[in-house]
S.K.: 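For reference, the structure I am asking about is given below.
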Amino acid sequence: MPQMNGAQALVKSLEVHGVDTVFGVLGSTLLPVYDELYEHPQIRLIAPRGEDGALHMADAYARVTGKVGVGMITVGAGAAFSVSAMGEAWAESWPVLNIVTQIPTPYLDKDKGVYHECHDQMGMFRPVTGWCRRVLSAAEIPYAIYEAFFRMRNGRPRPVMLEIPADVLRQEAHVTIQAATASARPRVDEQAIKQAADLLIAAKRPLLWAGGGVVKADAGGELLQLCELLQAPVLATNGSKGVVPDDYPLMLGNILTQSPVIEQEILNTADVMLALGTRFSERATRSTDKSAALLDVTGRSARGWTIKLPAQLIHADIDPSEFNRNVPAQLTIHGDAKDVIARLLAEIKARSFKADARRVDEIRKIKSAARAALKERVPEEMQLLEDLRAVLPRNAIVTAQSIVGHWARYALDMYEPGQFLFANSFGSMGYAFHAAIGAKIARPDCPVVALCGDGGLMFGCGELATIAHYKLAIPIVIFNNGGYKILQNTQKRRYGRHIGTDLTNPDFVKFGESFGFHAKRVNDLSKLAPAIADALQKDRATVIEVPADFKPYR
């Protein structure tokens with residue numbers, strides 16, 4: 001066993017597990033690790049200006065690459081600042097490793113007032129991680145890294161946190177580096193596959209519902225084969241946007257909760273539905289029928305879990321705890337989405353099944369009617385998104401928040417998973433801006449566009465310095481309506497007045513120019529898409545301020 005210190009053991013272990021990028025904010029306890037990174041140039045160190053930004057970037061890195069995103073954060077205040085970003089990764093089930101330092105071991109858990117001391121630091125992370133571990137010796141580090149990657153790569157991916165005291169990073173020990181392990185998928189019940197095949201073959205109007213688990217299983221190709229075989233349309237969710245290209249004829253996309261046409265003519269007429277890798281979240285199950293609305297304890301309209309699902313529902317998921325949590329299923333299948341679909345394809349093909357009729361024309365007409373209805377409802381936003389799609393390269397990655405960002409979830413076509421990044425569940429402000437940086441670091445070959453609101457951008461505007469430092473050519477669109485307008489509109493509707501939702505902003509054009517960026521103000525929405533197209537040709541970032549106030553989003 002070679003002798004090395006804890007920092008060397010940590011960096012070498014990350015290298016063995018295929019880590020090529022670390023997003024870290026330096027603190028004194030991290031100095032040994034940063035110094036060791038000099039010896040490992042194959043691992044890029046990206047140094048953002050805030051810990052929440054660092055972990056959001058690691059989250060985005062995971063979403064667009066399918067690999068583990070890694071953050072490296074210092075003890076105490078730095079650790080606390082990263083918790084909200086870990087919550088975002090937890091809510092969306094993305095593999096993010098947060099390596100957090102701790103005060104020296106002689107002072108642990110004694111509340112002696114050591115600088116940066118945080119009472120029960122790991123306790124902050126337990127609600128937003130699948131696993132936490134404190135390492136107490138340098139020799140433990142390789143196995144701790146091994147276990148972290150094992151947990152993230154097996155079963156439902158969740159973020160994890162590893163806590164390492166400062167003295168352990170300097171401690172010398174005989175260390176055995178643990179080799180990386182392959183993923184292991186749960187065995188799929190063959191009887192359940194046969195039962196599911198029976199139901200799907202007998203169905204007259206089968207329907208597929210694809211959640212984020214299909215993306216994480218890299219099962220888009222298998223899903224497309226299944227929908228073609230069954231001639232079954234596919235509904236996507238926020239987390240699976242692009243899993244099958246939105247321009248594929250049988251792909252209905254993520255417009256269900258905004259389209260009475262799709263709800264009535266597709267969902268309500270389906271006799272069998274296969275749901276894959278989904279938890280049926282509140283946002284994904286809102287009926288368009290306003291009479292279905294309830295009021296939750298805050299007094300807001302809460303239409304979650306009000307859509308009518310087919311009685312014959314097959315639910316397949318890597319996490320069996322999701323079965324029957326939100327909706328009852330007639331049949332459940334525990335397994336990785338890729339395995340489940342592959343086995344279903346083999347079983348159905350073995351029976352020489354052929355769909356009675358092709359549904360391409362029917363689905364195309366329904367899709368067209370749904371988009372037309374949405375365009376009538378929000379014409380300005382829809383036209384803007386159509387104009388944007390026309391100038392974006394097919395492989396472009398879009399990160400989004402703001403009112404426009406919300407509509408983009410439904411109406412901006414995407415063609416691959418990981419192309420559209422949105423704070424779907426936890427809803428961290430500033431996510432879109434931070435995620436654009438992480439995505440561009442991860443995929444420098446892809447155009448990346450950030451659609452931000454003025455409020456969201458200011459949550460993490462210090463990361464403009466990160467963009468400048470790493471010379472990232474990102475168009476940053478700032479829809480400036482001078483406030484938290486989604487909340488303000490709710491205040492006005494409910495109380496007839498508002499408070500705390502007006503914002504004072506900088507001159508965003510001058511702000512961008514101060515970092516050496518191209519910058520411009522676009523007052524005419526019809527000129528925004530050409531401005532973005534021009535920005536995509538630049539060799540540095542472009543800030544585009546758009547003074548605009550859109551129809552209230554509800």
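Residue numbers run from 1 in the order of the sequence given.
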S.K.: With sequence neighbours left out, write down each residue that passes side-chain hydrogen bond (donor to acceptor under 3.5 Å, both in side chains) with Glu140, or none if nothing qualifies.
M.R.: Arg133, Ser137
S.K.: Is the charged tip of Arg540 near the ring of Phe517: under 6.0 Å from the six-membered ring centre and within 45° of its axis?
M.R.: no
S.K.: For Phe433 together with His56, are the ring centres under 6.0 Å from each other?
M.R.: no
S.K.: Determine the minimum heavy-atom distance between Pro186 and Gly335, stating which atoms define it.
M.R.: CG-CA, 3.9 Å
S.K.: Is a side-chain donor or acceptor of Gln121 paired with a backbone partner of Val75 at a separation under 3.5 angstrom?
M.R.: no
S.K.: Checking Glu88 now: which residues fulfil side-chain hydrogen bond (donor to acceptor under 3.5 Å, both in side chains) with it, not counting sequence neighbours?
M.R.: Ser428
S.K.: Spell out, as yes or no, whether a donor-acceptor pair under 3.5 Å connects the side chain of Lys338 to the backbone of Asp218.
M.R.: yes
S.K.: Report all side-chain donor-acceptor pairs from residues 445-452 shorter than 3.5 Å, counting only partners two or more places apart or in another chain.
M.R.:
unit_1 : atom_1 : unit_2 : atom_2 : d
Asp445 : OD1    : Arg443 : NE     : 3.1
Asp445 : OD2    : Arg443 : NH2    : 3.1

S.K.: If only side-chain N and O atoms count, and only distance matters, is there a donor-acceptor pair under 3.5 Å linking Arg153 with Ser183?
M.R.: no
S.K.: So which pairs with a foot in residues 91-128 pass ring-ring contact (aromatic ring centres under 6.0 Å, His included), sequence neighbours left out?
M.R.: none
S.K.: CG of Leu10 to CD1 of Ile141: how many Å apart, nearest 0.5 Å?
M.R.: 5.5 Å
S.K.: Tell me which pairs pass salt bridge (Lys or Arg N to Asp or Glu O under 4.0 Å) where either residue lies in residues 174-190, with sequence neighbours left out.
M.R.: Arg185-Asp336, Arg185-Asp339, Glu190-Arg343
S.K.: With sequence neighbours excluded, tell me which residues meet salt bridge (charged side-chain N to carboxylate O under 4.0 Å, His left out) with Glu172.
M.R.: none
S.K.: Would a distance-only check, ignoring hydrogens and angles, find a side-chain to backbone donor-acceptor pair under 3.5 Å from Gln401 to Gly430?
M.R.: yes
S.K.: Looking at Val543 and Gly512, what are the two nearest heavy atoms and their distance?
M.R.: CG2-CA, 3.9 Å
S.K.: Quick one: do Met57 and Ile441 satisfy side chain to side chain contact (heavy atoms under 4.5 Å, CB included)? Show the steps, please.
M.R.: CA-CA 9 Å; Met57 293 172 203; Ile441 292 290; over 6 Å; no
S.K.: Taking NZ, NE, NH1 and NH2 as the nitrogens, is one of them in Glu322 or Arg156 under 4.0 Å from a carboxylate oxygen of the other?
M.R.: yes
S.K.: Of all residues at least two apart in sequence or in a different chain, which pass the ring pair (Phe, Tyr, Trp, His ring centres under 6.0 Å) check with Phe323?
M.R.: His315
S.K.: What ring-ring contact (aromatic ring centres under 6.0 Å, His included) pairs are there with at least one residue in residues 28-54, not counting sequence neighbours?
M.R.: none
S.K.: Could you tell me whether the side chain of Ile397 reaches within less than 4.5 Å of the side chain of Val64, counting heavy atoms only?
M.R.: yes
S.K.: Ser425 pairs by side chain to side chain donor-acceptor pair (under 3.5 Å) with which of Glu282, Glu92, Arg283?
M.R.: Glu92
S.K.: Scan for side-chain hydrogen bond (donor to acceptor under 3.5 Å, both in side chains) pairs involving residues 459-473, sequence neighbours excluded, and state none if there are none.
M.R.: Glu463-Thr466
S.K.: My understanding is that only residues two or more places apart in sequence, or in another chain, count here; which of them pass ring pair (Phe, Tyr, Trp, His ring centres under 6.0 Å) with Phe23?
M.R.: none
S.K.: The criterion is side chain to side chain contact (heavy atoms under 4.5 Å, CB included); which residues satisfy it with Pro444, sequence neighbours excluded?
M.R.: none
S.K.: Does atom NZ (Lys12) have a neighbourhood of more than 12 heavy atoms from anything else shown, all under 6.0 Å?
M.R.: no
S.K.: Under 3.5 Å, is there a donor-acceptor pair between the side chain of Ser13 and the main chain of Ala9?
M.R.: yes
S.K.: Taking the basic N atoms (NZ, or NE/NH1/NH2) and the acidic carboxylate oxygens, is any pair closer than 4.0 Å for Arg394 and Asp413?
M.R.: no
S.K.: Going by atom types only, do Thr237 and Asn254 share a side-chain donor-acceptor pair under 3.5 Å?
M.R.: no
S.K.: Short question: side chain of Glu51, backbone of Ile73 - any donor-acceptor pair under 3.5 Å?
M.R.: no
S.K.: So, Gln171 side chain and Ala138 main chain: donor-acceptor pair closer than 3.5 Å or not?
M.R.: yes
S.K.: Assess whether a salt bridge exists between Asp317 and Arg279, defined as any Lys/Arg side-chain N lying under 4.0 Å from an Asp/Glu carboxylate O.
M.R.: no
S.K.: May I ask you to decide if Val128's main-chain N or O and Arg158's side chain share a donor-acceptor pair within less than 3.5 Å?
M.R.: no
S.K.: In Å and rounded to the nearest 0.5 Å, what is the CD1 to CG distance from Ile341 to Leu274?
M.R.: 7.5 Å
S.K.: A side-chain contact here means heavy atoms from C-beta on lying under 4.5 Å apart; do Ile145 and Leu97 qualify?
M.R.: yes
S.K.: For the NZ atom of Lys110 and the CD atom of Glu117, what is their distance to the nearest 0.5 Å?
M.R.: 10.5 Å
S.K.: Could you go through Val68 and Val96, starting from their C-alpha distance and side-chain angles, then the distance that decides it, and tell me whether this counts as side chain to side chain contact (heavy atoms under 4.5 Å, CB included)?
M.R.: CA-CA 6 Å; Val68 171; Val96 174; over 6 Å; no
S.K.: Keeping Arg325 on the side-chain end and Ser321 on the backbone end, is there a donor-acceptor pair under 3.5 Å?
M.R.: yes
S.K.: Take Met251 and Val243, measure what side chain to side chain contact (heavy atoms under 4.5 Å, CB included) needs, and give me the verdict at the end.
M.R.: CA-CA 10 Å; Met251 184 57 166; Val243 67; 4.2 Å; yes
S.K.: Does the plane of the ring in Phe515 sit parallel, tilted or perpendicular to the ring in Phe511? Use 30° and 60° as the thresholds.
M.R.: perpendicular
S.K.: How many angstroms lie between atom CG of Asn154 and atom CE of Met152, to the nearest 0.5 angstrom?
M.R.: 10.5 Å
S.K.: Return the minimal non-hydrogen interatomic distance between Pro95 and Ala62, and the atom names on each side.
M.R.: O-CB, 3.8 Å
S.K.: Do you know which two heavy atoms are closest between Leu169 and Thr29, and how far apart they sit?
M.R.: CD1-O, 3.5 Å
S.K.: When rounded to the nearest 0.5 angstrom, what is the spacing between CD1 in Ile544 and CG in Asp534?
M.R.: 8.0 Å
S.K.: State, without any angle test, whether Tyr415 and Asn395 hold a side-chain donor-acceptor pair at a distance under 3.5 Å.
M.R.: no
S.K.: Should Leu392 and Arg389 count as side-chain neighbours, where that means a heavy-atom distance under 4.5 Å?
M.R.: yes
S.K.: Classify the angle between the aromatic ring planes of Phe280 and Trp209 as parallel (below 30°), tilted (30 to 60°) or perpendicular (above 60°).
M.R.: tilted
S.K.: Just grab all the ring-ring contact (aromatic ring centres under 6.0 Å, His included) pairs involving residues 57-90, residues at least two apart or on different chains.
M.R.: none
S.K.: What's the separation between atom OG1 in Thr129 and atom CG in Asn98, rounded to the nearest 0.5 Å?
M.R.: 9.5 Å
S.K.: Run Ile478 and Val546 through side chain to side chain contact (heavy atoms under 4.5 Å, CB included) and show every step you take.
M.R.: CA-CA 6 Å; Ile478 306 167; Val546 187; over 6 Å; no
S.K.: Closest approach of Leu421 and Gly418, non-hydrogen atoms and distance?
M.R.: CD2-O, 3.9 Å
S.K.: Shortest non-hydrogen contact from Thr21 to Ile43?
M.R.: N-CG2, 4.4 Å
S.K.: Are Thr105 and Asp167 linked by a side-chain donor-acceptor pair shorter than 3.5 Å?
M.R.: yes
